[in-house]
Each structure stands twice: as structure tokens, then as C-alpha cells.
Amino acid sequence: MSHEKKNTILIVDDEPQILKMLNIYLNAVEFKVEEANTGKQAVRMTTSIKPDLILLDLGLPDIDGKEVIASIREWSQVPIIVLSVRSNDEEIIAALDAGADDYVTKPFGAEVLLSRIKANLRKSAIREAGEPELLNGPLRMDLVRHEVFLNGEKIALTPKEYDLLRYFIVNRGKMLTHRQILKEIWGPAHSEDMQYLRVYIGQVREKIENDPSHPSLIITEPGIGYRMETVTLPVTAAA
């Protein structure tokens, strides 16, 4: 009998068909699934079962999804992915600012959801690890020497560009709002300086993208923020 630990995912949704679909899919890819139908139940279950990740619908029958996020964030950093039917950017931004890690809009494809889940579980696992270097496809950051390499070639970054790129690589695969990035890199006083951020993103793209006008690493999510795609390089056999 295998004792390999399965990651537990808590689904918080009051739609039976969504619960059924997620259950079938997540069980098939070897996750342990728990369910909550209300916000209050979700907060209680997060305390008792300590899930590895939460999929949270914002439109719950009792309390607003953002209140659920705020309650959980008082004591836990468990990754939270918001499921939203609302293409309303304000809602999504408010949820991310309240402490959610990512979002997927309904209806969503199983592959998209799985890649978001894996990215957030991986991020959670490395949060405490304090790695000496960060890798994402052609990019390598040496956190000890403060050096950045693209395809093995060292590239020159200003200190702020370095901080920005590091934040993106640590959070690769995850949605980051304009406000989150500005607050993290420039401090709370700059949380509205969107133009400032655009300029810096442009500068970093010039240095790391094959074609900065059509970026493949740092992707713009219109109206919300940016996401660094997770890149895996093809493995080449040793000579």
C-alpha cells in the first residue's frame, strides 16, 4: 500500500454540478478532495483539515468570498484560487488584494485549472525553502551573488529590475495585480503608480524576452496585472 501523501484540496462552492465535476477531475489526478458549501463552513474546515490548497467560489450563500479570504489570511498562508463567473475585474482584483493567490473564470478548462493548482502548490512548497537560485526556463537567478543569466549568458539589471524579476520568478505561474507588485517592490506609497510599473516591466522585457513586443515570459492580464509563465526547457541528453 502506497503511503505517498496526497495533497488535500478544499472546494468551496454551492453549485452541485461544479462540485461534482471538480471532484471527478481532481480525484482522477490523485488529489484528496474535501467540500464546503458555505463561507463559514470553509473557514471552519480550513482550521480542522488544514488543506494544501483552496478553490473558492466568490458567490457564496452566506458571506462574501472576500470575507472568507480575509478570515483565513489572519492565520494561514494556504494557497487560495478564486473561481469566478464574474468577468468583473474589480471583483477579481479585490479578491487578490484580500489575499487570494490566483483566479480562474468559469467556465474553465481542466488543464488550465490543473496548471494553476500545480503552480500555487509549488510556490507554497518553495516559500520556506530559501533556495540559493531560482530557475524558470531560460532564466536563472543566483540569489547569493545577485546575478541573472539568460540562456547561460549573464545579463545586467538595475537593483529595482532585479527585485521585480525575482518577485516574478518566485511567483511564477501566479497572477499578480498591479497593486501587489507596486506595494511589494516600491512600498505602499506607490501602490497606484501604474505608469511607473509599466515602464519597469518594459525595461525587464527588453532584457529577457526574445521579442519584447510579443512577450512569452511576462504576460499582461489586461485590467488586472501580470503573470510570469512557468517555462520548462526541453531536456537535452548528455553528450
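We count residues from 1, following the sequence as given. A quick note: this is a predicted structure, and the numbers were derived from the prediction, not measured. Hydrogens, waters and symmetry mates play no part in the numbers below; they use all other heavy atoms, side chains included.
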query = Are the side chain of E209 and the backbone of E206 linked by a donor-acceptor contact shorter than 3.5 Å?
reply = no
Nearest atoms (heavy-atom pairs only) where I69 meets A98 = CG2-O, 3.4 Å
query = Should I219 and L150 be regarded as members of a common hydrophobic cluster, given that ILVMFWY residues are connected when their side-chain heavy atoms come within less than 4.5 Å of each other, either directly or indirectly?
reply = no
request  = Report the C-alpha separation of R73 and V78 in whole Å, then their side-chain angles, then the decisive distance to 0.1 Å, and conclude whether the side-chain contact (heavy atoms from CB on, under 4.5 Å) test is met.
outcome  = CA-CA 8 Å; R73 281 291 171 259; V78 59; 4.2 Å; yes
query = Could you go step by step and tell me if M175 and I93 meet the side-chain contact (heavy atoms from CB on, under 4.5 Å) rule?
reply = CA-CA 10 Å; M175 182 65 227; I93 289 169; over 6 Å; no
note = To the nearest 0.5 Å, atom CG of L113 lies from atom OH of Y25 at 7.0 Å
task = Hey, could you give me each pair passing salt bridge (Lys or Arg N to Asp or Glu O under 4.0 Å) that has a residue in residues 218-227? Not counting sequence neighbours.
result = D102-R227, E221-R227
query = With side chains defined as the heavy atoms from C-beta onward, is the minimum distance between L22 and E35 less than 4.5 Å?
reply = no
request  = With rounding to the nearest 0.5 Å, note down the distance linking CG in L83 to CD1 in I54.
outcome  = 11.5 Å
task = Decide yes or no for V82 and V104: does some side-chain heavy atom of the first lie under 4.5 Å from some side-chain heavy atom of the second?
result = no
message = Measuring from atom CG of L164 to atom CD of Q203, what distance do you get when rounded to the nearest 0.5 angstrom?
response = 9.5 Å
remark   = Note: L58 and K66 closest approach over all heavy atoms is CD2-N, 4.2 Å
ask   = Ion pair present between E229 and R172, side-chain N to carboxylate O less than 4.0 angstrom?
value = no
remark   = By ring pair (Phe, Tyr, Trp, His ring centres under 6.0 Å), F31 pairs with (sequence neighbours left out) none
ask   = Quick check: are there more than 12 heavy atoms from other residues, nucleotides or ligands sitting under 6.0 Å from CD of Q17?
value = yes
query = Can you check side-chain contact (heavy atoms from CB on, under 4.5 Å) on V148 and K154, steps first, answer last?
reply = CA-CA 6 Å; V148 182; K154 190 169 153 185; over 6 Å; no
query = Do you know which two heavy atoms are closest between E161 and A156, and how far apart they sit?
reply = OE1-O, 4.4 Å
request  = Indicate yes or no for a side-chain donor-acceptor contact from R116 to the backbone of A119 under 3.5 Å, with no hydrogens or angles considered.
outcome  = no
query = Does the distance from a Lys or Arg side-chain N to an Asp or Glu carboxylate O, for R140 and E147, drop under 4.0 Å?
reply = no
ask   = Would a hydrophobic clustering, with Ile, Leu, Val, Met, Phe, Trp and Tyr connected at side-chain separations under 4.5 Å, put F149 with L165?
value = no
ask   = Given the rule that I, L, V, M, F, W and Y join up when any side-chain heavy atoms are under 4.5 Å apart, are I24 and L114 in one cluster?
value = no
inquiry  = I need the minimum non-hydrogen distance between L60 and L56, along with the two atoms involved.
reply    = CD1-CD1, 3.9 Å
query = Quick one: are I224 and Y103 in side-chain contact, heavy atoms under 4.5 Å?
reply = yes
key: hydrophobic_cluster_shared for L121 and V29, side chain cutoff 4.5 Å   = yes
ask   = Between H178 and Y226, is any pair of side-chain heavy atoms under 4.5 Å apart?
value = yes
key: Close side-chain approach of W186 and Y200, heavy atoms under 4.5 Å   = yes
Test applied, side chain to side chain donor-acceptor pair (under 3.5 Å); reference residue, K174; option that passes from T230, D101, N120 = D101
message = Determine whether a donor-acceptor pair (N or O, by modelled atom type, separation under 3.5 Å) exists between the side chain of T220 and the backbone of P222.
response = no
request  = Verify side-chain contact (heavy atoms from CB on, under 4.5 Å) between T105 and I92, making sure each step is shown before the conclusion.
outcome  = CA-CA 9 Å; T105 37; I92 294 166; 4.2 Å; yes
ask   = Under 3.5 Å, is there a donor-acceptor pair between the side chain of S115 and the main chain of V112?
value = yes
key: Heavy-atom pair with the smallest gap, counting every atom of I185 and D163   = CD1-O, 3.5 Å
query = Looking only at side chains, do Q41 and R44 share a donor and an acceptor under 3.5 Å apart?
reply = no
query = What distance do L135 atom CG and I169 atom CD1 have between them, rounded to the nearest 0.5 Å?
reply = 8.0 Å
F168 to I181 - nearest heavy-atom pair and separation = CZ-CD1, 3.9 Å
query = Where the side chain of N27 meets the backbone of K32, is there a donor-acceptor pair that is under 3.5 Å apart?
reply = no
message = Within the 3.5 Å criterion, strictly below it, is a donor on R205 or S216 matched to an acceptor on the partner's side chain?
response = no
ask   = Between K106 and E15, is there a salt bridge with N-O shorter than 4.0 Å?
value = yes
request  = Could you grab the distance from atom CG of N7 to atom CG of D52, nearest 0.5 Å is fine?
outcome  = 4.0 Å
query = Going only through I, L, V, M, F, W and Y residues with side-chain contacts under 4.5 Å, is there a path from I201 to V231?
reply = yes
query = Is there a side-chain contact between T38 and D14 (heavy atoms, below 4.5 Å)?
reply = no
query = Should we say atom CG of N210 is surrounded by more than 12 heavy atoms from elsewhere, each under 6.0 Å from it?
reply = no
ask   = Just wondering, are more than 12 heavy atoms of other shown residues or ligands nearer than 6.0 Å to NZ in K207?
value = yes
key: Close side-chain approach of L53 and I81, heavy atoms under 4.5 Å   = yes
message = I want to check something: taking the side chain as every heavy atom from C-beta on, are N37 and L19 in contact at a cut-off of under 4.5 Å?
response = yes
query = So how far is it from S71 OG to E67 CD, rounded to the nearest 0.5 Å?
reply = 7.0 Å
Enclosure of K160 NZ (heavy-atom neighbours >12, cutoff 6.0 Å) = yes
